[in-house]
**Student:** 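Before anything else, here's the structure in question.
In the text below, chain A, chain B and the rest are named by the order of the sequence lines, each starting its count at 1.
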Amino acid sequence: MIAYLLRRIAYALPILLGVNLITFALFFVVNTPDDMARMHLGMKRVSVDAISQWKAEHGYDKPLLYNDSAAGFSQLTDTIFYAKSARMFALDFGASDDGRDIWNEIKVRAGPSLAIAVPVFVIGLLVNITFALLMVFFRATYLDVWGVVLCVALMSISGLFYIILGQFLIAKLWHWVPISGFSSGIDALRFLLLPVLVSIGAGIGSGARWYRTIFLEEIGKDYVRTARAKGLSERRVLFRHVLQNGMIPILTGAVVVLPLLFMGSLITESFFGIPGLGSYTIDAIQSQDFAIVRAMVFIGSALYIVGLLLTDISYTLVDPRVRLQ
Amino acid sequence: MMFRPVVLWTDALIFVLLAVILLFAVYVRRHAHLRAPWRGVLRSPAGLASAMVLAVFVVIGLLDSLHYRPALPVQSGQSAHYGVEVLSVLDRLLTDLRTHTEKTYSAPLATHLYARETRLQPDGHSARVYPRLEYGGAQLADPQSDWIADIERRIAIGSAKGLVLAGVLLLIALAGRAFKTRTGLAQAARDIKTGALPWRTVIVMLTLLAVSGCVLAELAAGYHVFGTDKVGQDVLYGTLKSIRTGLVIGTLTTLVMLPFALLLGITAGYFRGWVDDAIQYIYTTLNSIPGVLLIAAAVLIMQIYIEAHPDVFDTAAARTDFRLLFLCLILGVTSWTGLCRLLRGETLKLRELDYIQAATAFGVSDWRIITRHILPNLQHLVLISVVMDFSGLVLAEAVLSYVGVGVDPAMHSWGNMINSARLEMAREPVVWWQLTAAFVFMFALVLAANLFADSVRDAFDPRGKRIDVYE
């Protein structure tokens, strides 16, 4: 097990390095530091001095990959690639363009993001499974058919619609909860209720339909026929046998997103004014703060790789037939 | 010349795509084993109905893809000059909608403006009133009393026109069939009634589409059916123009990613070894970057490129079009990995099959094995994933435009409409029509695409049929 984990982590490193190289190419080669300086200082009539000063301030005044003027090992380390990209492996993201430390910011903002993402994930999973099981229980009846039609209709609606409708009805018209904002402690519940509710609602369509097909696939298998032949009631067959076996693909499929919950949701957070990582990223994109975007790309990729690793491990946990090789 | 044709990049690609689809259709017609599943799609009521709705959207999108620059009035002795504004055939058809702009917001079918203005009254002193619209309901002498009657009359005339139109179309179709099979009209009708075609769906959908189209046209001739937006532009015009953007993003992205996915997926699965390792590395790396962030990063960088090279684009339309194309490219780059993995797995399975082993034993070249034996057997996977991706991409456009990394803010798109209307929800009374129009049209397109994708999958996926759903 430990040898396997070590090997997987060793595999992850070249992937992270690749991610790093792609972002580096995007941010520094396609779009040179000169361009960035010009954009931040205003496009027209920027003097060469101002550009080099901006670059020096933000540490972009070094060669990209290889420093000719330096000596020895620092030929490689005294470069933009080392200072800006390679340092991310040590979780050193440097400062954003407005001078704040990015890693500090991330630590503070992960909390609110998780406060939304975790309930959405857990409750959403339960709700989706419940709806899927209900449709499977009533399969081949009009309830099932219309359930599927409803699911397709729900998943055809833009996610933005759920948010705008939720804010309009629940917050603006009925005044049950505030439209947006956040606060700490128990008071945060008021602010969290609506975003969580809306996010779950937006996910029901695709989630329930997907789980329904998983359960239906299970129901066609031999062990279900055996269970029925034993004379078990339909309810018992569904809950004891189909549910348990259907949970294997559902849970292992859900594990991959677990680490990504830290990243928060871009849209929900910015609509509801939650100071999490999602809104942090959006703000960075809109103010064109490349340092933050770069850091978030790196963290997102790292978390995704962790998610893949967790998926593999979870397979062995739920299904003893799978062995880690 | 009255106009000069303009071929934007996306226009060219759209027509390339159209040509590919037509060629593919001809190819399918000639092969019975390919014809059968498509017939299955068109014989399922949901598949046929959604295909008809999609067809309407596609026609509007295609009309909107024929661009030109109108000629300016010619002064004597000069060669013709053309305006910088790029119009499309759809713009030409909707000239009234396009040019009838009000001052600012007005509600759907309204006769008066949304905001009060200070106007001089006939009796000499000024008052704050809701002014009459310049075009919406301008034909009414007394809006208070005539409005309802006029709307009702227009709906009635529109419905009647729609019914006639639907009837004529049905008759033409019937006559066409009677001519082809050389039977009488009555016999042809009986054939269709007993045949496998879901003719009730055809009649209902055709009537529905024709009636709603005609009613909309009839109302739009006198009013702003979905109201006007902040600068007084007709919202119906905006939503119709947005159709092309949605279609382009949904289809061109696929066109971009297909070569990557096919080439890399098949090579990885067929040659295995280090090629496979390398390709797997590439797509795992790309896949592990969060999609939105990669798109955002790429679009930001492209924006800087556009700002740094303003001379590359001769018209504003060319610039917005370049941004749209770039968005498709980058969406394609982020979305090919899924299909690639699927194709790799399937190729791995296929290459072990007996008939491919036999081909190898006969000394058939790798290229020929791939094109003759592997590619045709992957066709259904490609097709299913293409139609399944479409709706997701249309929805993604709205979200990306909201984040600020979608299409150009000056381009008509549902995402931009939603984005600009979002803040107006705080106004009193609420400006709801812009949002509603965008959501309704987007919903119609995405729902039709989803239903169509489902019936395509049911028809092509052999696995789906094997599951005994309703035992």
Side-chain angles (χ1 to χ4, degrees), chain A residues 11-12 14-19 21-23 26-27 30-31 35-36 38-39 43 139-140 144 149 152-153 155-161 164-165 167-168 172 179 213 216-217 219-220 225 260 263 266-267 270-271 281-282 284-286 288 290 293-294 296-298 300-305 308, chain B residues 46 281-282 284-294 296-305 307-308 310 391-392 394-395 397-399 402-405 414-415 418-419 421-422 425-426 430 432 435 438-439 442-451 454 463-464 466-471:
Chain A
Y11 280 141
I15 294 177
L16 269 182
L17 195 67
V19 169
L21 278 173
I22 292 176
T23 41
L26 268 177
F27 284 105
V30 178
N31 171 47
D35 288 335
M36 276 198 283
R38 211 166 279 137
M39 197 200 67
M43 285 307 287
R139 67 187 174 283
D144 178 36
V149 170
V152 176
M155 62 189 262
S156 303
I157 298 173
S158 168
L160 300 175
F161 180 77
I164 292 174
L165 190 76
Q167 279 190 327
F168 182 71
K172 189 171 181 239
I179 288 187
T213 51
L216 282 180
E217 212 163 321
I219 247 178
R225 190 174 307 150
L260 286 171
M263 299 281 288
L266 296 180
I267 306 300
S270 79
F271 257 98
T281 315
I282 291 239
I285 291 172
Q286 278 164 353
Q288 311 208 329
F290 292 102
V293 177
R294 215 160 49 222
M296 296 312 287
V297 167
F298 183 78
S301 323
L303 289 175
Y304 177 76
I305 293 169
L308 289 183
Chain B
Y281 171 71
I282 294 175
T284 324
T285 306
L286 267 180
N287 212 16
S288 58
I289 304 178
V292 186
L293 288 179
L294 186 63
V299 169
L300 285 183
I301 277 146
M302 187 246 349
Q303 255 172 330
I304 292 183
Y305 175 82
E307 279 173 35
S391 52
V394 175
L395 289 177
E397 185 271 327
V399 171
Y402 167 74
V403 180
V405 293
W414 290 315
I418 293 169
N419 202 11
R422 187 173 59 89
M425 294 297 278
V430 179
W432 50 269
L435 274 176
F439 279 132
M442 202 153 88
F443 176 68
L445 178 59
V446 173
L447 183 64
N450 273 336
L451 289 175
D454 275 359
R463 189 163 151 271
R466 213 175 49 224
I467 304 172
D468 207 349
V469 175
Y470 300 123
E471 66 174 303

**Student:** For A/I282, is it the side chain, the backbone, both, or neither that has a heavy atom closer than 4.5 Å to a heavy atom of chain B?
**Tutor:** side chain
**Student:** Please look at A/Y11 and chain B and tell me whether the side chain, the backbone, both or neither of the residue comes under 4.5 angstrom of a heavy atom of that chain.
**Tutor:** neither
**Student:** Roughly how far, to the nearest 0.5 Å, is the CD1 atom of B/I418 from the CG atom of A/L160?
**Tutor:** 5.5 Å
**Student:** Less than 4.5 Å apart, side chain to side chain, heavy atoms only: is that true for A/F168 and B/W432?
**Tutor:** no
**Student:** Taking every heavy-atom pair that is under 4.5 Å apart, which of A/L303, A/V297, A/I305 has the most such pairs with chain B?
**Tutor:** A/V297
**Student:** Are any of the side-chain heavy atoms of A/S158 and B/F439 separated by less than 4.5 Å?
**Tutor:** yes
**Student:** Give the member of A/G159, A/P14, A/A302 that has the highest number of heavy-atom pairs under 4.5 Å with chain B.
**Tutor:** A/P14
**Student:** Given a strict heavy-atom distance threshold of 4.5 Å, which part of A/F161 is in contact with chain B: side chain, backbone, both, or neither?
**Tutor:** both
**Student:** Side chain from CB out, backbone as N, CA, C, O: work out which of these in B/F443 comes under 4.5 Å of a heavy atom of chain A, or both, or neither.
**Tutor:** both
**Student:** Between B/L435 and chain A, with a heavy-atom cut-off of 4.5 Å, which part of the residue counts as in contact: side chain, backbone, both or neither?
**Tutor:** side chain
**Student:** In terms of heavy-atom pairs under 4.5 Å, which option from B/P290, B/S391, B/A298 contacts chain A the most?
**Tutor:** B/P290
**Student:** Against chain A, label B/V399 side chain, backbone, both or neither, depending on which of its atoms sit under 4.5 Å from a heavy atom there.
**Tutor:** both
**Student:** Return the option, out of A/L308, A/V149, A/I157, with the maximum number of heavy-atom pairs under 4.5 Å with chain B.
**Tutor:** A/I157
**Student:** For chain B, find which of A/L16, A/I164, A/T281 contributes the most heavy-atom pairs closer than 4.5 angstrom.
**Tutor:** A/I164
**Student:** Compare every heavy atom of B/A296 with every heavy atom of A/I285, then report the nearest pair and how far apart it is.
**Tutor:** CD1-CB, 3.4 Å
**Student:** Just give me the residue among A/Q167, A/M155, A/K172 that pairs up with chain B most often, heavy atom to heavy atom, under 4.5 Å.
**Tutor:** A/K172
**Student:** Measuring heavy-atom distances to chain B, does A/T23 have an atom under 4.5 Å in its side chain, in its backbone, in both, or in neither?
**Tutor:** neither
**Student:** Count the heavy-atom pairs under 4.5 Å between each of B/V430, B/V299, B/L395, B/I289 and chain A, then report the option with the highest count.
**Tutor:** B/I289
**Student:** Specify the closest pair of heavy atoms between A/A153 and B/L447, including all atoms of both residues, with the distance to one decimal.
**Tutor:** CA-CD1, 3.9 Å
**Student:** With only heavy atoms counted, which part of B/V403 is less than 4.5 Å from chain A, the side chain, the backbone, both or neither?
**Tutor:** both
**Student:** Quick check: do B/L293 and A/M263 have side-chain heavy atoms less than 4.5 Å from each other?
**Tutor:** yes
**Student:** Count the heavy-atom pairs under 4.5 Å between each of B/A297, B/A444, B/G392, B/A448 and chain A, then report the option with the highest count.
**Tutor:** B/A297
**Student:** First locate atom CG of B/L286, then atom CD1 of A/I22, and finally report the distance between them rounded to the nearest 0.5 Å.
**Tutor:** 4.5 Å
**Student:** Under a 4.5 Å heavy-atom cut-off, does chain A meet the side chain of B/N287, its backbone, both or neither?
**Tutor:** both
